[in-house]
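Read through the structure below, which is laid out as structure tokens, and then see the notes.
Counting convention: from 1, in listed order, for ligands and their atoms alike.
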Amino acid sequence: NENATIGEKVDYEIIGIDPGAGLMKATNQAISDYELSDWTLVEGSSAAMTAALKKAYDKEEPIIVTGWTPHWMFAAYDLKYLEDPKGSFGEDENIHSIARNGLKEDMPEAYEVLDNFHWTTEDMGVVMMDIYEGESPEKAAESWVKDNADKVSEWTDGINSVDGDKFKIGYVAWDSEIASTNVIGKVLTDLGYDVTLSQVEAGPMWTGVADGSLDAHIAGWLPITHEDYASKYEGQFEDLGANLEGTKLGLVVPSYMDIDSIEDLKE
Ligand SMILES: C[SH](C)CC(=O)O
């Protein structure tokens, strides 16, 4: 009923994603910082979170999800981040390309492409929206690469093609990384690599690059979101720097909800 608190309206649940995501660690930090002791962070997956969001949004029902930018959901729905006055979700960050030690010697061409790889949240958004609207990740990546030959050539100009070397790139099934990893996979395939995209959880993605079973990943949310992984494997990977700037993490709600801050959950 209308007099119910926001907690009562959503059964004191925040709909999260895979437990290994740094976003989940930040949300647990927020639950502690804002003393939301009655609240539960529901673990699941990126896909389950967006399915729950669609179900609630289509019926204009209240829902609170863990969200991030870039993400297609901000183009598909009218959403807002809850203000985070205590800074539990940190500042805007970047996504880094992470290579296994030795990649530069073993596969210099792939190393150089990854080192050059850099695009914007708008670029990533185009691929994500294509996939959201039903295109396969492979086809969405292929279209973007074709339509952005100038940007791709900045990554590949002067790099010799190769003859079928195997390249294994790990990623987590976050909508942003499904987009970026398929684009890089397509670019490396066009350069002659036999590319495998290996979908794993966040922990095994970092472990795989550290133990060399993965050649690279381009999903390093740094400096804070993946700080636990980066410090655990310090020295066992090479950080090639940011491939995208200006990410954001937080709690996200449909704009039809009349709350504006995480503080409001404390009612
Ligand atoms: C969910 S964001 C794409 C990354 C993270 O939170 O680990």
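- Within the structure, every pair that satisfies the salt bridge (charged side-chain N to carboxylate O under 4.0 Å, His left out) test and touches residues 62-80, not counting sequence neighbours, is listed here: K80-D260.
- In this structure Y193 satisfies the ring pair (Phe, Tyr, Trp, His ring centres under 6.0 Å) test together with F167, sequence neighbours excluded.
- For the residue pair T207 / Y233, a side-chain donor-acceptor distance below 3.5 Å is found, with atom types taken as modelled.
- Among pairs with a residue in residues 242-267, those fulfilling ring-ring contact (aromatic ring centres under 6.0 Å, His included) read Y57-Y256, at least two apart in sequence or across chains.
- Contact residues of ligand 1 (protein heavy atom closer than 4.0 angstrom to a ligand atom; sorted by chain and number): I17, A21, G22, L23, W68, W174, S176, E177, W221, T225, H226.
- The two residues M49 and I15 come nearest to each other via the heavy atoms CG-O, 3.8 Å.
- Figure legend: K86 and Y34 shown as a cation-pi pair, the cationic atom lying under 6.0 angstrom from the six-membered ring centre and within 45 degrees of its axis.
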